[in-house]
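The structure displayed is predicted, hence computed values, not measured ones. Letters A, B, ... are given to chains in the order of the sequence lines, protein chains preceding strands, and every chain is numbered from 1. Any value given below was found using the heavy atoms of this structure, including those in side chains, with hydrogens, waters and symmetry copies removed.
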Amino acid sequence: MDSPDDFADGAPVGRDGPAAPTVRRTSNAFGTPGTDSTVRRHDLNDVFIRHQDATFMMRAAGDDMHGAGIGDGDTLLVDRALTAQPGNVVIAMVDGELRCRRLERASAGRGRCASMRLVADEPVAPIEIGEDTPLEVWGVVTTVIKSLL
Amino acid sequence: MTYALIDGNNFYVSCERVFAPRLVGKPVVVLSSNDGACIARSNEAKDLGVKMAQPWFQVRHLEKTAGLVAVSANHELYGDMSARMMAIEARYAPRQEVYSIDESFLDFDGVRDDLVATGRHMRAAILKETGIPTSVGFGATKTLAKLANNIAKTADRKPGSYPAALAQVCDFSRLAPGELDALLAATDVGAVWGVGRKTTEKLKAGGVHTVLDLMRADIVTLRRQFSVVLEKTLRELKGTSCMALDDAPPTRQQILVSRSFGTPITHVDGILEAVSEFASRAAERLRQQGSVAGAIGVYFMTSPFRSNDRQHSANVTIPLPRPTADTAVLMRAAEMAVRTQFRAGFRYAKAGAILTELQATGHEQGELDLLAAPDEPAAPATPADPRARLMSALDTLNNRFGRDSVRLGSTAVATNGADVAVWATKQERRSPRYTTRWDERPVVRA
């Protein structure tokens with residue numbers, strides 16, 4: 001919302017939906033999707049956001065993650081309620097900064113447990129997770145939104 | 001009865017840190033709307049000696065000498081993070097009272113679970129899902145829950161002050177009487193909810209220094225010297241619940257009016273009606289205590305207990321161009337908030353309005369002129385037509401917070417490489433409104 005005038009043109013959310021259910025009900029004996037509470041129009045929130053209170057939207061800057069379909073300027077849906085699994089694209093905190101990377105299991109060294117690392121698609125050095133740099137996952141990227149226009 | 005009080009640790013600072021991890025571990029303060037005073041402090045800033053509400057000019061030298069970071073209040077961000085936190089808390093108990101932007105009481109009456117385990121689970125869920133660290137206190141009354149919360153927080157922040165087992169989550173009901181007495185003897189009487197600074201001074205002059213002293217004081221003498229409020233507090237401390245949920249003395253910093261709806265509201269008009277009423281009642285209380293508010297927050301949410309319902313919770317805080325107690329202005333701001341946040345197709349179960357950044361009437365005049373936009377005519381000495389005032393207020397708001405004007409007269413001094421600008425001049429040290437403005441969503445290097 002930028003100015004109060006935004007309300008006047010009817011464009012923002014809140015003005016659509018079943019505004020006058022009684023009128024519609026009498027005009028259609030079979031009911032309409034707009035008035036039957038069990039029938040819902042597709043809502044991207046329902047489809048893509050599993051944990052509403054834990055989901056945040058971010059903007060990707062850079063092309064390091066193009067293999068995951070993430071391009072510069074794309075919008076990422078990030079779910080903090082999920083626990084990151086190897087293979088997930090995650091937002092991690094690295095050097096006080098948020099980074100988008102894929103979480104990967106590093107091959108186990110001799111006599112050591114397999115550790116984790118954060119990798120990108122570009123030839124960027126992976127970020128090894130060890131005792132010096134603990135893994136701090138901010139959230140798991142669940143969805144990439146790419147605008148074509 | 002069993003109540004819990006959950007609150008966010010250094011809430012405003014914690015909200016900033018969620019999106020700016022570089023602030024973690026640094027001394028950070030959040031400044032009031034006009035950058036006049038420190039309204040939130042990180043533990044590191046507290047350790048530097050920065051006091052609550054301390055004027056910024058008194059501590060700004062710490063920027064250079066101690067790496068103190070100051071940011072302007074970002075009320076939209078705090079409001080949204082609050083809504084997320086409250087919604088998670090609401091999963092844990094059948095009844096919730098949102099007491100302030102970062103505090104809520106939960107009613108655990110009849111819940112037989114291990115409360116400490118429940119508290120830790122809730123705390124972990126809030127931390128994971130929102131990034132906000134919290135403290136949890138349980139007690140037989142709201143006053144005891146608040147005191148337990150205080151001990152949980154202090155035990156966490158200052159190791160050694162209380163037994164380490166009480167850090168983060170403290171349940172008074174699980175303590176043996178001797179243990180509880182020891183805690184209360186180690187706690188300053190001023191920590192008790194509802195015991196203000198003046199009362200504390202008077203009590204201490206009379207030899208009552210700790211909470212335990214207060215509990216052992218002669219109730220007849222107290223009644224003679226102090227108000228009935230203190231007597232009620234004393235009874236609450238002794239375990240007799242005198243305050244039910246949604247029944248609390250107003251806080252000094254915030255005024256909150258909220259209600260659960262008997263029947264869910266689905267239409268925007270219903271929410272508008274409710275929220276307008278809340279705003280108007282809050283404005284009344286504001287004037288009663290001789291204050292003006294610098295911001296108004298509005299929230300409305302679906303019921304997490306109707307699992308078949310789609311869930312939505314809206315929470316928006318609108319900074320006011322100048323602090324006011326004018327009902328018309330506050331109601332219009334509330335209406336604006338509802339209209340931007342309302343979404344059709346949801347069954348809303350609860351709503352509230354919260355006035356924040358309170359200050360005494362009269363203080364606002366000087367700041368008002370400082371804040372006025374350059375092209376704004378001098379503020380009228382007497383309230384003009386409220387509608388005209390509102391319009392000019394909204395214009396000022398747009399001027400001051402609008403995307404294009406934000407940089408006017410400001411100096412960008414630093415970015416963290418992620419496009420997070422920090423402005424040097426008044427008001428615009430504010431971080432992006434990460435979760436409520438599309439153009440300001442966090443940027444992540446990919």
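- Using a distance-only test at 3.5 Å, with no hydrogens or angles considered, no donor-acceptor pair links the side chain of B:Lys128 to the main chain of A:Ala54.
- Heavy atoms closer than 4.5 Å to chain B are found in the backbone of A:Thr55, but not in its side chain.
- Listed here is the closest heavy atom pair of B:Val444 and A:Cys100: CG2-N, 3.5 Å.
- For A:Arg101, the part lying under 4.5 angstrom from a heavy atom of chain B is the side chain only.
- By the 30° and 60° cut-offs, the orientation of the rings of A:Trp138 relative to B:Phe19 is tilted.
- With a 4.5 Å cut-off on side-chain heavy atoms, B:Val24 and A:Met93 do not count as touching.
- Between the CD1 atom in B:Ile88 and the CD atom in A:Gln52 there is a gap of 10.5 Å [rounded to 0.5 Å].
- Taking every heavy atom of both residues into account, B:Asn308 and A:Arg40 meet most closely at O-NH2, 3.9 Å.
- When heavy atoms are compared at a cutoff of 4.5 Å, A:Leu82 approaches chain B solely by way of its backbone atoms N, CA, C and O.
- In this structure the side chain of A:Asp79 never reaches within 4.5 angstrom of the side chain of B:Glu129, judged on heavy atoms.
- Proximity to chain A is absent for every atom of B:Asp269, based on heavy atoms less than 4.5 angstrom apart.
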Go through the steps for A:Arg80 and B:Thr130 under the test side-chain hydrogen bond (donor to acceptor under 3.5 Å, both in side chains), then give the verdict.
CA-CA 7 Å; A:Arg80 287 185 60 107; B:Thr130 68; over 6 Å; no
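- Only the side chain of B:Arg91 comes within contact range of chain A, with heavy atoms under 4.5 Å apart.
- With a 4.5 angstrom heavy-atom cutoff, B:Met81 touches chain A only via side-chain atoms.
- Taking a 6.0 Å sphere around CD of A:Glu128, one finds it holds more than 12 heavy atoms contributed by other residues, nucleotides or ligands.
- Looking only at side-chain heavy atoms (C-beta outward), B:Arg445 and A:Val94 stay at 4.5 Å or farther from each other.
- Ranked by heavy-atom pairs under 4.5 Å with chain B, the list A:Val137, A:Thr83, A:Val78 is led by A:Thr83.
- Residue contact with chain A, scored on non-hydrogen atoms closer than 4.5 Å, involves the backbone and the side chain of B:Ser313 alike.
- Put simply, of A:Ile70, A:Asp95, A:Asp72, A:Thr75, the one with the most heavy-atom pairs under 4.5 Å next to chain B is A:Thr75.
- Among A:Leu98, A:Leu76, A:Ile91, the residue with the largest count of heavy-atom pairs under 4.5 Å with chain B is A:Leu98.
- Both the backbone and the side chain of B:Val18 have a heavy atom closer than 4.5 Å to some heavy atom of chain A.
- Chain A forms more heavy-atom pairs under 4.5 Å with one residue of B:His312, B:Gln311, B:Arg84 than with any other, namely B:Arg84.
- Side-chain contact between A:Arg59 and B:Trp438 is absent, with no heavy-atom pair separated by less than 4.5 Å.
- Looking at B:Leu127, the atoms closer than 4.5 Å to chain A (heavy atoms on both sides) all sit in the backbone: N, CA, C or O.
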